[in-house]
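Have a look at the structure below, then the notes.
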Amino acid sequence: MTSSTPSTKFRQNQMKSIIGHSYNKLYGQFMAEELTEVGNYRILKQIGEGSFGKVYLAHHKPTHRKVVLKTSDKSDPNVVREVFYHRQFDYLHITKLYEVIVTETKVWMALEYCPGRELYEHLLSLQRITLEECSRLFAQIVGAVYYAHSLNCVHRDLKLENILLDKKGNAKLTDFGFTRECVSRSQLDTICGTTVYMAPELTQRKSYDGFKIDIWALGVILYTMINGTMPFDEEDEAKTKWKIVNDMPDLDGSFMVPEAKDLIEQLLAKDPNDRPSIEKILSHPFLQPYGLSLMEKTQKILRRQRRGLTQFHSKLERKLLKRLKQAGFDTQAIKASVQKRKCDSLSGLWLLLVEREMAKQKQDYPKRSKSVLSVRKVFDNSSATGECKPSSENLFAQQLDSKITAPLNRILSMRSDNASLPPPSPKKTPCDRSIKQQINLNSPSQEADYQGSGSTTPKKNNLFTKMSKFFKSKRLNNDKSGLSNANRNSQESPKGHGTSTSGSIENNEKVEKKRVNRSESLRSSSKNLVQSVSDDLNDANSKNDDFYALDEHRPQSESNRQLRQLKRLKSTTSSDISGQTSESVNNNLRSALNENSKPSLFNSTRPMSGISQHSELSNETFNSEYSTDGNNSSFKVSDSVRTSFPHANAGGTSQYSSGGDKSSIGYSQKFSTRDLSTMSSASSASERSSRTDSFYDITTASSPMVMDVRKINRTPIKDSVLPRFGAQNSRLTKRSHGTGRRANLVRRMHGRDFMKHNPAQTQSIIQEESSSGGDDEKNVKEISLADGVPLASVEDEELAIHTDSETSAVISGPVKLRVDGNSETFAFSRSLSEGSEWSRNLIDLRHNRKPITEDDESFQIADQEDNSSE
Ligand SMILES: Nc1ncnc2c1ncn2[C@@H]1O[C@H](COP(=O)(O)OP(=O)(O)OP(=O)(O)O)[C@@H](O)[C@H]1O
């Protein structure tokens with residue numbers, strides 16, 4: 001029998017406390033309401049809120065990349081549509097969809113993180129975007145639309161809120177909740193979008209060409225970007241619609257330039273047939289040089305994607321595959337997953353790994369790719385774009401042309417020293433003059449450089465002189481050393497040929513030494529050369545930037561006016577398309593307009609997009625069917641971010657209502673900037689056609705339980721088997737967004753103090769014009785052609801349904817979901833990696849090692865590493 005000494009007792013107590021602590025921690029994890037991890041992602045914080053769920057910044061644990069996790073309630077019929085289309089898109093100006101995780105009640109989309117916020121917010125903060133930035137960003141947006149249209153998909157919800165900015169300030173199109181393919185039907189009936197962005201044919205509830213309504217929305221976007229106000233935005237929704245159909249916006253604002261005016265006029269043509277093709281838009285002078293180069297790039301991307309050359313072909317990808325294979329990964333499974341765009345954890349891992357490797361590569365070779373390649377590109381483009389248009393006398397043409405030509409002229413002027421190049425034309429264009437004037441303004445010393453474009457005198461700072469000098473001197477050195485070697489050889493060979501080994505060793509050493517010296521000098525000179533090239537380019541760019549900064553100067557009072565108008569834009573909303581005919585709308589509006597033809601400054605509420613079904617969207621329509629979320633959902637990320645909105649009464653401030661029992665002003669303020677989007681349905685006939693049009697049949701992720709939530713309007717009946725959208729009770733089929741867009745609006749308005757202006761105008765629409773009731777089947781077939789994959793197979797295998805990654809253990813009982821007629825078992829879980837901590841602590845204790853605590857440095861370092869994903 002062993003006597004227990006105080007020290008062993010102490011140790012035993014210590015062990016007990018460690019076990020107790022670990023046990024409690026695990027228990028806490030089991031019971032916690034907030035979810036900290038989903039699949040391979042660790043949730044960092046909430047960054048936004050959509051109509052049907054929240055948006056979080058998260059961290060992909062295997063690759064340490066930051067992503068956005070967008071949650072959607074499964075009851076959102078658009079979530080399937082969104083995933084279905086979004087995963088087809090792989091384009092530089094469309095947010096990437098890496099992975100989709102489906103849990104009991106939610107769909108989690110892992111998306112590319114765009115830290116630069118919405119273009120809408122960007123515009124709001126700047127009041128107005130410079131013409132140069134407008135041209136660049138708008139070309140990128142059109143590029144994204146061009147890509148989607150080339151895949152026969154129309155977006156149908158193009159608006160500033162659905163364009164995000166990445167960390168480099170590039171535009172990324174997002175939110176494909178209303179997207180559909182247009183191969184099968186050239187004319188669509190579903191009325192969708194946000195009123196202020198709607199084309200006349202939509203507001204008039206006519207059948208429409210999906211491509212053409214996107215073009216119209218582009219016109220609205222461009223107008224707003226340039227002017228800081230929306231083209232059609234009246235206090236009264238009906239007035240807005242009337243104006244869309246009958247009026248032309250003011251295109252003679254102080255910020256407008258003829259090129260932009262011309263493009264907007266074309267885009268906002270009332271007759272859809274008069275609107276330009278997307279190629280024509282990209283070729284428009286206002287978008288140059290960005291438009292044409294993006295069109296070329298996009299066509300190249302499309303060609304490669306059609307030939308299946310985009311994945312696993314680059315050196316980097318092949319290397320990565322090899323490494324993964326060596327590490328024991330099933331690379332065939334990864335390939336299959338990526339190629340089929342399954343959006344499961346394997347493709348998520350692959351896409352993020354490739355991104356990480358590419359980022360690493362860029363970090364490793366930033367100079368080389370920047371300086372050498374950009375110089376080359378400038379020269380390549382120079383012949384095409386380098387000349388100023390003598391005829392362009394307007395401000396914008398001068399700005400754009402000079403933007404292109406300023407650095408080019410400078411470089412070309414350097415180039416002109418080379419005899420091999422043709423001398424530039426001595427004739428001075430207005431553009432030349434303007435550049436010179438600007439350069440005088442910025443830096444008097446630059447004048448000489450620009451004069452040099454027509455002169456033959458070599459400049460000191462000349463890039464080409466430097467380059468040619470450099471190569472000349474190298475050639476001379478080589479010649480000399482070659483000559484001396486030859487001489488030496490010729491001198492040495494007679495006497496030493498094959499005889500003096502020591503001499504030849506000596507010679508070899510000398511030659512080697514020389515070679516080393518030469519390569520060293522070569523390295524240092526090329527370093528200098530690259531440095532001077534990049535200095536030159538930076539110089540030219542900074543001068544150019546100064547030049548464009550001049551455009552920014554304008555009276556403060558004007559800026560304020562713009563800001564106020566833009567705020568109005570933010571608060572303006574579309575209301576529903578009621579059952580009125582376009583004729584009656586017009587009649588009513590004519591009189592309304594006569595009464596009050598001046599639009600008020602603070603108009604109404606914020607524009608929203610939506611799908612609505614045919615009949616009126618009454619206040620009732622938006623009673624929240626989803627307000628039960630808090631009760632049903634197994635997922636709550638945090639109490640602090642729990643959905644909570646001011647309850648709206650029927651005739652009161654908002655047509656949206658939430659559960660009503662939760663309210664949090666603090667939260668409202670925090671996320672007051674959330675965008676809005678709505679969807680509503682009413683009539684069963686239109687619902688049927690909408691079901692097909694909206695891909696509602698692809699409800700792989702929906703359980704019957706969810707359908708019932710919709711049917712019984714807040715009270716779920718679990719054993720109902722009524723299909724989604726199949727209910728004949730119009731009231732039941734009305735969709736609302738009490739916890740989503742409508743409530744967001746309330747919150748947003750609240751935060752911005754916009755509520756008082758016109759809080760009742762809050763709806764926006766997709767409204768289904770009921771086509772024939774028997775359309776469903778036909779539409780389903782048509783839809784199945786969307787990406788060349790039969791619908792059945794899409795349902796069977798392509799939607800990624802996985803509840804947890806390999807790295808996590810399952811802790812809850814399995815949940816049955818009905819997937820396309822088959823029952824499949826799923827489970828959701830949390831990572832339990834921390835659960836084994838106690839055993840490690842015990843081992844440490846047994847071996848007299850210091851137990852690791854969370855305060856330990858090692859933990860902190862690991863955490864830091866985890867957080868520095870990019
Ligand atoms: N990829 C992303 N990167 C950064 N922020 C994002 C990203 N996606 C969404 N967000 C943020 O979350 C907000 C809501 O996202 P989003 O608009 O896509 O949701 P939604 O449900 O489609 O909303 P709605 O339909 O009402 O427009 C955005 O306004 C944006 O601030």
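For clarity, every value in this text was computed on a predicted model and none was experimentally measured. Along the sequence shown, residues are numbered consecutively beginning with 1. Atoms within each ligand, like the ligands themselves, are counted from 1 in listed order.
No hydrogens or angles considered: nothing links the side chains of Y56 and T71 as a donor-acceptor pair under 3.5 Å.
Below 3.5 Å of separation, one finds an N or O of C114 facing an N or O of ligand 1.
Of all the heavy atoms of T174, none lies under 4.0 Å from any atom of ligand 1, so neither backbone nor side chain is involved. Under 4.0 angstrom from ligand 1, the non-hydrogen atoms of K70 all belong to its side chain. Contact annotation: for E118 versus ligand 1, heavy atoms closer than 4.0 Å belong to the side chain alone.
Those atoms of ligand 1 that come under 4.0 Å of a heavy atom in E112, given as number and element, are 1 (N), 2 (C), 3 (N).
Judged as a side-chain contact (heavy atoms from CB on, under 4.5 Å), and not counting sequence neighbours, the contacts of D90 are K96, Y147, Q305, Q311, R341.
With H60 as reference, Y41 is the one residue of Y98, Y41, Y113, W350 to meet the ring pair (Phe, Tyr, Trp, His ring centres under 6.0 Å) rule.
In this structure, E161 falls outside the shell of residues with a heavy atom less than 4.0 angstrom from ligand 1.
Using cut-offs of 30° and 60° on the angle between ring planes, the pair F89 and Y85 is parallel.
When N78, T194, D175 are checked for heavy-atom proximity to atom 22 (O) of ligand 1, D175 turns out nearest.
Using a 4.0 Å cut-off between charged side-chain N and carboxylate O, K241 and E234 make no salt bridge. Comment: K70 engages E82 in a salt bridge, judged by a side-chain N to carboxylate O separation of less than 4.0 angstrom.
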